[in-house]
Amino acid sequence: MKILVLNAGSSSHKSCLFDLSQPRADGPAQPPLWRASLDWTHASGQVELSAQAGEASLQQVLPTRDRTEGLRAMLDTLVQGPTQVLAQLQEIAAVGHRVVHGGGDYSAAVRVDGAVKAAIRRLIPLAPAHNPANLEGIEVLEQILDRVPQVALFDTAFHASLPPAASTYPGPYGWLAQGIRRYGFHGISHGYVAQRAASLMGRQITDLKLLTCHLGNGCSLAAVDQGLSVDTTMGFTPLDGVMMGSRCGSLDPGILIHLIRQQGYNADQLDTLLNRESGLKGVSGVSNDLRLVMAAMAAGDGRATLAIDLFIHRLRQGMGAMIASLAGLDVLVFTAGMGENSPLIWQRACQPFAYLGLRLRQGELQRSGQDQDIAAPDSRVRVWVIHTQEEWAIAQACLELLHPAP
Ligand code: ADP
């Protein structure tokens, strides 16, 4: 069964095609037959299209800002040119979409219909950069692949299990009726890596307390107890929580009042300041990319050193908070760009938790293309570095929804 997965960002659109006709296994993710991406960030008025199928690849620059045109060109690479893997698009049996915001209504994958599209549209004010792109992806695919089932997976869905004390902000009670509450994000990734860690350990997820740390461009932590998210660091928006590449994470909200009153900031300026000019980038003045900030730190740059120290400090605080919500810890998982690749982060993040009996392996820790357990044999907490596979998880969820296991 050929399943196409679409993952829309504010200025990108990634896609993969999986063939899941083989029996489902609880093993590692299987590589896609084809993957492609559209990237609008490089030149104005143009989109960069890349596609790959096995050894074959293709790169094109198209003179359009239009997402629909870009998506049509991207799908053409499935059926023609060097990356062709299908005779016709009608071979696609289902399409899975990653949708950032599903509000409080969705706790699992859903078949897209008018009500689901209306919900995604209604939630645009809560995810203005993402939900419109997700909706456009769905509508373009409806036009191209008439009658092929489409499935939406929400980044918020995994956190639908947050108890009220974790999902409510301590503002006025009326906020709840306005939808101002904590939703949490990166749910597809947190859910996948938690399940994968349990499978690698040969354990049932329902017997474990896991802390999953998704550290990519955006960073969030989740406390997963018996398979359910019971707390997470991102909140109403993906700006809350730990420090990130260019986002600040949690701040004293009094700072915003101060900036508005004393420096005349408006909403758009605050949005740019907190989402794009803060975090590792804002503090170091170097970059939002951890690799470049670490290189500057190694060269003796004081601001880069402060940025990394602050990142680690905030990360440890978040981990401590999640461990408190779990009331215990069996497994710690690191995932996404920084989490999969940075031994410095593993070491420094874990250091204060030695009191829990958490100990990393002796000797030099190294990044690996494989998922790996980096805890010492006698550690009371297992520590896994797991490569997140959001597209694979979406394809699996589509299969499960459309053809549930008997
Ligand atoms: P996204 O959240 O956009 O999917 P990723 O999960 O790909 O992002 O994470 C991207 C970030 O991962 C980069 O900005 C960089 O900070 C970090 N990263 C990637 N590779 C490495 C590496 N080898 N060492 C340290 N950090 C890395």
Side-chain angles (χ1 to χ4, degrees), residues 5-16 29 35 37-42 48 50 98-100 127 129-130 133-134 153 155 184-193 196 212-222 232-234 237-249 275-298 304-305 307-308 310-312 314-315 333-349 364-372 374 385-394:
V5 173
L6 285 180
N7 181 354
S10 50
S11 51
S12 68
H13 221 124
K14 294 187 210 154
S15 185
C16 290
R35 66 164 72 240
S37 65
L38 293 166
D39 183 345
W40 281 272
T41 57
H42 290 180
E48 233 172 68
S50 330
R98 173 182 179 196
V99 182
V100 166
H130 289 92
N134 299 143
L153 262 93
D155 253 346
F185 296 88
H186 292 142
I188 299 166
S189 178
H190 287 297
Y192 169 77
V193 298
R196 175 85 179 131
T212 53
C213 304
H214 178 107
L215 308 175
N217 278 315
C219 301
S220 74
L221 317 184
T232 188
T233 54
M234 280 181 172
T237 72
L239 193 51
D240 204 357
V242 295
M243 176 172 160
M244 310 179 211
S246 67
R247 291 178 232 164
C248 54
N275 274 301
R276 295 173 198 270
E277 293 170 3
S278 296
L280 285 174
K281 180 180 171 195
V283 177
S284 70
V286 174
S287 171
N288 63 325
D289 190 318
L290 179 69
R291 287 164 289 193
L292 301 179
V293 185
M294 283 192 334
M297 178 175 74
T305 306
I308 304 260
L310 186 49
F311 182 86
I312 298 290
R314 293 283 171 140
L315 176 59
V333 180
F334 291 105
T335 192
M338 296 193 231
E340 290 165 19
N341 293 300
S342 176
L344 174 111
I345 293 210
W346 307 334
Q347 265 146 349
R348 291 189 60 188
E364 202 186 341
L365 296 172
Q366 299 219 334
R367 48 200 282 259
S368 155
Q370 307 295 316
D371 297 334
Q372 55 169 334
I374 56 169
V385 177
I386 293 190
H387 295 263
T388 192
Q389 305 283 356
E390 287 164 298
E391 281 90 7
W392 164 257
I394 293 169

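Because the structure is predicted, anything quoted here is derived from the model rather than measured. All values below were derived from every heavy atom in this structure, side-chain atoms included, with hydrogens, water molecules and symmetry-related copies excluded. First listed ligand is number 1; within each ligand, the first listed atom is number 1.
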Option of least heavy-atom distance to atom 9 (O) of ligand 1 (set: G245, G339, S287, G337): G337
Cationic N near anionic O, under 4.0 Å, E391 to K14: no
Short N or O distance, S342 and ligand 1, threshold 3.5 Å exclusive: no
Closest protein heavy atom (residue, atom, distance) for atom 14 (O) of ligand 1: N217 OD1, 3.1 Å
Identity of the nearest option to atom 21 (C) of ligand 1, non-hydrogen atoms only, from H387, R291, R367, H214: R291
Worked check of side chain to side chain contact (heavy atoms under 4.5 Å, CB included) between F311 and V283: CA-CA 10 Å; F311 182 86; V283 177; over 6 Å; no
Residue list, salt bridge (Lys or Arg N to Asp or Glu O under 4.0 Å) with R348, at least two apart or on another chain: D309
Heavy atom of the protein closest to atom 15 (C) of ligand 1 (residue, atom name, distance): D289 OD1, 3.3 Å
Option set V293, I345, L290, criterion heavy-atom distance to atom 26 (N) of ligand 1, minimum: L290
Ligand 1 atoms in contact with A336 (distance to a heavy atom under 4.0 Å): 6 (O)
Polar atom proximity, M338 to ligand 1 (N or O, under 3.5 Å): yes
Between S37 and D39, a side-chain donor and acceptor under 3.5 Å: no
Side chain to side chain contact (heavy atoms under 4.5 Å, CB included) between R314 and C219, intermediate numbers included: CA-CA 11 Å; R314 293 283 171 140; C219 301; over 6 Å; no
4.0 Å heavy-atom contact, E340 with ligand 1: no
Closest protein heavy atom to atom 23 (N) of ligand 1, given as residue, atom name and distance to 0.1 Å: N341 CB, 3.4 Å
Sequence neighbours excluded, every pair satisfying salt bridge (Lys or Arg N to Asp or Glu O under 4.0 Å) that has a member inside residues 276-291: D289-R291
Stepwise side chain to side chain contact (heavy atoms under 4.5 Å, CB included) check, I188 with T388: CA-CA 9 Å; I188 299 166; T388 192; over 6 Å; no
Verify atom 5 (P) of ligand 1: protein non-hydrogen atom under 4.0 angstrom away: yes
side-chain hydrogen bond (donor to acceptor under 3.5 Å, both in side chains) partner of T335, the single match among E340, H186, H190, H214: E340
